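This is a predicted model, so every value here is computed, not measured.
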Amino acid sequence: MWSQVMEKENISSFEGFILVGFSDRPHLGLILFVVVFIFYLLTLLGNMTIMLLSALDSRLHTPMYFFLANLSFLDMCFTTGSIPQMLYNLWGPDKTISYVGCAIQLYFVLALGGVECVLLAVMAYDRYAAICKPLHYTIIMHPHLCRQLALVAWLSGFGNSLIMAPQTLMLPRCGHRRVDHFLCEMPALISMACVDTMTLEALAFALAIFIILAPLIFILISYGYIAQAVFQIKSATGRKKAFSTCSSHLMVVSLFYGTIIYMYLQPANTYSQDQGKFLTLFYTIVTPSVNPLIYTLRNKDVKEAIKKVLGKGSAGQ
């Protein structure tokens, strides 16, 4: 019996997987292809703009824009690791992905999602230091600490994925190859297993406490202190400026964490594939594309940096 299971697993490994995606709704294929392609281009354009401006304009050489550049690079990697395969499957009849391709996609989706959780917490700490400790901000958020905090975020995400991705891929699937999703994501792959996955789900939940819930709690505590400091500002203009520097971050935290918590902090047996697909589609294509708009493209410093890079700065003076 075990040899038959292993034989089926070897066949599955060789042939890869079939990403069902939205093939049960063929009328959505072309529409989704166009929508996903447009959002992918917007993601690349917006995040590349933020990265280039952060590097080229000295006024943006601050901790906030250093972390935003990290977030932009992360979003570009995240979308590039998942969207091209999605576009390929939406465009033609071939819905397959190789075992190696699925493993790589799973690893980077898990890793980069974890990095973003921790990075958003780091950015909340930066806002806390800027508003609650303005006189000591440059001392607290010195470049060396910023680099260390960014490194912690990247190592945390990739370390978590290094544990969970192999465990998920090694689950016996008894020859099942159809992944009821448009990418190789952990909940969908766990639901394919033909063995009890309670131990793996418990491990995933325990790690999620450190990767997802702990950063979220830290963000909420940080903004509790920030709100307290903002309400103590007597000037209405000062309160408005302080609120505007934090509102963008809170919007992105809400968009990102709302979908992540639903996806990864519920048991696999209660996981709705249809809801999961649309939520994954949301945080895969929508969130990375609107992050630059929410964070910086409406920012005065960024607008001035764009004018400077385009050579219009001198004309406006």
Side-chain angles (χ1 to χ4, degrees), residues 16-17 19 40 43-44 47 51 66-86 97-124 147-171 179 181-190 197 200-216 218-219 252-253 255-265 268 276 279-289 291:
F17 297 96
L19 296 173
Y40 183 48
T43 298
L44 295 180
N47 287 292
M51 292 172 62
F66 170 75
F67 295 127
L68 284 175
N70 272 265
L71 182 65
S72 292
F73 178 69
L74 184 156
D75 283 339
M76 287 180 59
C77 292
F78 184 83
T79 53
T80 302
S82 55
I83 288 183
Q85 178 71 43
M86 190 191 311
I97 182 172
S98 69
Y99 183 86
V100 173
C102 184
I104 293 172
Q105 189 177 77
L106 173 66
Y107 179 75
F108 280 99
V109 166
L110 276 176
L112 295 172
V115 173
E116 184 154 356
C117 289
V118 182
L119 188 60
L120 288 174
V122 170
M123 295 169 73
R147 288 191 292 269
Q148 286 182 325
L149 291 173
L151 183 62
V152 167
W154 286 91
L155 290 179
S156 298
F158 277 86
N160 173 65
S161 186
L162 194 60
I163 297 172
M164 289 308 306
Q167 295 289 332
T168 303
L169 289 167
M170 287 190 296
L171 284 172
V179 181
H181 217 299
F182 53 80
L183 55 81
C184 290
E185 196 170 46
M186 189 175 70
L189 291 173
I190 289 177
T197 59
L200 181 60
E201 290 180 53
L203 175 62
F205 187 84
L207 290 173
I209 291 174
F210 293 99
I211 297 295
I212 300 177
L213 287 183
L216 178 58
F218 183 85
I219 290 170
V252 171
V253 167
L255 288 173
F256 179 76
Y257 268 100
T259 53
I260 289 294
I261 288 175
Y262 179 88
M263 294 290 295
Y264 289 100
L265 292 182
L279 283 172
T280 303
L281 193 66
F282 182 82
Y283 80 73
T284 301
I285 67 168
V286 177
T287 303
S289 64
N291 278 354

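The distance from the CD atom of Q85 to the OG atom of S98 is 7.5 Å, given to the nearest 0.5 Å. Atom CG of residue L151 and atom CG of residue N70 lie 10.0 Å apart, to the nearest 0.5 angstrom. Atoms CZ and CG, from F66 and L149 in turn, are 9.0 Å apart once rounded to the nearest 0.5 Å. Rounding to the nearest 0.5 Å places CD1 of I219 at 4.5 Å from OH of Y257. Rounded to the nearest 0.5 Å, atoms CG (N160) and OG (S156) are 9.0 Å apart. Distance check, rounded to the nearest 0.5 Å: CD1 of I212 to CZ of F205 gives 9.5 Å.
When side chains are defined from C-beta on, L189 does not count as touching L171, because their heavy atoms never get closer than 4.5 Å. For the pair M164/L106, no side-chain contact is recorded, criterion being any heavy-atom separation below 4.5 Å from C-beta on. With contacts defined as side-chain heavy-atom distances shorter than 4.5 Å, the pair F256/C117 qualifies. With a 4.5 Å cut-off on side-chain heavy atoms, F78 and I83 do not count as touching. At least one side-chain heavy atom of N291 sits less than 4.5 Å from a side-chain heavy atom of E116. Side-chain contact between L112 and Y107 is absent, with no heavy atoms from C-beta onward closer than 4.5 Å. Looking at F182 and L19, their side chains never come closer than 4.5 Å, going by heavy atoms from C-beta outward. Between I163 and L203 the shortest side-chain heavy-atom distance falls below 4.5 Å.
Nearest approach of Q105 to S82, heavy atoms of both residues: NE2-CA, 3.8 Å.
When atom types are taken as modelled, the side chain of S161 and the backbone of G157 share no donor-acceptor pair closer than 3.5 angstrom. For T197 (side chain) and L200 (main-chain N/O), no donor-acceptor pair under 3.5 Å exists by modelled atom type.
Across L74, L71, D75, a single residue satisfies side-chain contact (heavy atoms from CB on, under 4.5 Å) together with P288, and that is D75.
Side chain to side chain, Y40 and S289 fail the donor-acceptor criterion of an N or O pair below 3.5 Å.
When the shell of 6.0 Å around CZ of F158 is examined, it contains more than 12 heavy atoms from other residues, nucleotides or ligands. Around CZ of F282, the count of heavy atoms belonging to other residues, nucleotides or ligands within 6.0 Å exceeds 12.
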Check against side chain to side chain contact (heavy atoms under 4.5 Å, CB included), M186 and V109: CA-CA 9 Å; M186 189 175 70; V109 166; over 6 Å; no

